[in-house]
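Every chain is numbered from 1 and lettered A, B, ... according to where its sequence line falls, protein lines coming before strand lines. Bear in mind the structure is a predicted one, so any value in this text is a computation, not a measurement.
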Amino acid sequence: MPRTRHRFPVEGPLDLSLTFTCGQAFRWRLEEGAWSGVVGGALWRASTDARGLVVDVDGADPGAEVVHRYFRLDQPPERFLAQAEELRALPGFAALLGLRLLRQEPWETLASFLCSAASNVRKISGGVEGMAAAWGDPVRGTDRRAFPSPSALAGAEERDLRALGIGFRAPYVLGAARRVAARDWSWEALRRAPIEEARTTLRTLPGVGPKIADCVLLFGLDRLDTYPVDRWIRRATMELTASTRARDEDLERWSLRLGPGRGYLQQILFHLRRTGGPLPALAAARPVGRERRRRSA
DNA sequence: CCACGGCCTGATTC
DNA sequence: AGAATCAGGCCGT
């Protein structure tokens with residue numbers, strides 16, 4: 001079986017464990033000391049050594065450039081911190097800079113996050129892996145399968161999807177697969193569209209609201225100028241700004257100050273809040289949204 | 001515009 | 001133990 005080894009020097013910290021388990025991707029697992037995951041039609045095995053990142057590919061090799069881009073090695077973390085001096089100083093923040101935002105395939109990202117509503121990483125992974133097992137093409141030389149195409153999934157029966165444990169999300173995945181498989185759907189157009197237009201288009205898909213639309217843009221369409229507001233980010237941002245009555249929309253507007261790389265910061269804040277508990281208010285904190293006016297004396 | 005309950009299901013909590 | 005309760009939302013009312 002074909003196997004290709006790619007090596008890359010890495011600028012800045014890289015923490016594969018954090019990167020694969022932080023909840024942006026769902027098909028990576030630790031096996032025999034290396035992280036292995038299916039990307040496209042091949043099995044990748046990733047590890048680090050003193051010289052940087054090592055990726056062994058089983059199956060059709062996509063080429064070094066594709067692997068390099070997948071790991072976003074062209075954009076080291078430092079690049080995203082220019083407008084986030086205050087966040088850098090948060091306890092525990094610096095240790096998370098090894099988290100890298102992957103560039104994933106948009107359809108797989110969409111299907112995965114459709115399964116994320118009121119769920120958790122473990123359960124989402126089960127659903128995603130189950131879809132691959134049932135409708136994906138085998139990866140030669142391995143026991144795993146590629147994530148199925150929209151048209152492959154569009155032909156599935158809802159009960160078979162439900163059998164994977166994704167529950168009420170099954171019709172969303174099916175409906176979205178059918179729409180995306182249609183001729184008039186274009187991921188490339190979405191990549192180039194103004195951000196609001198892209199969000200609006202994504203939200204026409206069943207099961208896609210503001211949060212999932214932003215996740216697809218952030219993780220699947222290389223749009224780091226998004227700030228998906230979920231439960232955890234809501235809490236984190238409210239605490240950072242000392243707010244009590246902010247709407248998601250207000251929190252998102254606040255995030256604009258974090259700059260065009262705010263999506264990366266969002267993922268770090270997500271992990272920080274989820275694993276570390278409440279965050280301290282920033283020095284310059286000012287409540288956002290519909291706070292009651294302080295009565296003047 | 002806002003608030004609320006329902007939705008599958010499995011893990012955690014009481 | 002067996003019954004609530006809760007999860008990285010969305011949708012309809």
query = For A/Arg122 and B/dG10, is the shortest distance between a side-chain N/O and OP1 or OP2 below 4.0 Å?
reply =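 No, outside the criterion.
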query = Under 4.0 Å between a side-chain N or O of A/Arg162 and OP1 or OP2 of B/dC8?
reply =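 For A/Arg162, the contact criterion (side-chain N or O under 4.0 Å from OP1 or OP2 of B/dC8) is met.
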Can you tell me how far [atom2] of [N] sits from [atom1] of [X], to the nearest Å?
X        : N     : atom1 : atom2 : value
A/Phe113 : C/dG8 : CZ    : C1'   : 8 Å
A/Arg245 : B/dC2 : CZ    : P     : 10 Å
A/Phe168 : B/dT9 : CZ    : P     : 10 Å
A/Arg290 : B/dC1 : CZ    : P     : 12 Å
A/Arg235 : C/dC6 : CZ    : C1'   : 10 Å
A/Asp230 : C/dC6 : CG    : C1'   : 15 Å
A/Lys123 : B/dC7 : NZ    : C1'   : 11 Å
A/Glu158 : B/dC8 : CD    : C1'   : 11 Å

Determine the interatomic distance between [atom1] on [N] and the same-named atom on [M]; round to the nearest Å.
N     : M      : atom1 : answer
B/dC8 : C/dG2  : P     : 26 Å
C/dG8 : B/dT13 : P     : 13 Å
B/dG6 : C/dA4  : P     : 15 Å

Does the pair [X]/[Y] count as a salt bridge with the N-to-O cut at 4.0 Å?
X        : Y        : result
A/Glu197 : A/Arg223 : no
A/Glu65  : A/Arg69  : no
A/Arg72  : A/Asp222 : yes
A/Arg103 : A/Asp74  : yes

task = Only one of A/Lys123, A/Arg29, A/Arg145 passes salt bridge (charged side-chain N to carboxylate O under 4.0 Å, His left out) with A/Glu129; say which it is.
result =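 Single pass found, and it is A/Arg29.
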query = Would A/Tyr70 and A/Trp44 satisfy ring-ring contact (aromatic ring centres under 6.0 Å, His included), going step by step from the backbone distance to the final call?
reply = CA-CA 11 Å; A/Tyr70 179 85; A/Trp44 297 12; 5.0 Å; yes
query = In a check of ring-ring contact (aromatic ring centres under 6.0 Å, His included) between A/Phe113 and each of A/Trp107, A/Phe26, A/Tyr172, which one passes?
reply =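 Exactly one candidate clears the test, A/Phe26.
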task = Under 4.0 Å between any heavy atoms, over every strand shown, what does A/Cys115 touch: base, sugar-phosphate, or nothing? Just pick one.
result =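 If one applies the 4.0 Å heavy-atom cut-off, A/Cys115 turns out to touch nothing in the nucleic acid.
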ask   = If we ignore angles and hydrogens, is there a donor and acceptor under 3.5 Å between the side chains of A/His6 and A/Asp61?
value =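 Indeed, the side chains of A/His6 and A/Asp61 share at least one donor-acceptor pair under 3.5 Å.
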request  = State, without any angle test, whether A/Glu31 and A/Ser36 hold a side-chain donor-acceptor pair at a distance under 3.5 Å.
outcome  =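 Their side chains do contain a donor-acceptor pair, which is all the 3.5 Å distance test asks for.
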key: A/Glu157 side chain vs A/Asp160 backbone, donor-acceptor pair below 3.5 Å   =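 No, A/Glu157 side chain to A/Asp160 backbone: no donor-acceptor pair under 3.5 Å.
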ask   = Starting at the 5' end of DNA chain B and moving along, which residue's nearest nucleotide shows up first, A/Arg169 or A/Asn120?
value =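 Going by which nucleotide is closer to the 5' end, it is A/Arg169.
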Quick one: which protein N/O atoms are closer than 3.5 Å to N/O atoms of nucleotides 10-13 of chain C? Pair and distance per line, please.
| from | atom 1 | to | atom 2 | distance (Å) |
| --- | --- | --- | --- | --- |
| C/dC10 | OP1 | A/Gly209 | N | 2.7 |
| C/dC10 | OP1 | A/Gly209 | O | 3.1 |
| C/dC10 | OP1 | A/Lys211 | N | 3.4 |
| C/dC10 | OP1 | A/Ile212 | N | 3.1 |
| C/dC11 | OP1 | A/Gly207 | N | 3.0 |

request  = For DNA chain B, produce a single dot-bracket line, 5' to 3'. Pairs: Watson-Crick or G-U wobble, both distances under 3.5 Å. Symbols: ( ) within strand, [ ] crossing, | other strand, . unpaired.
outcome  = ..|||||.||||||
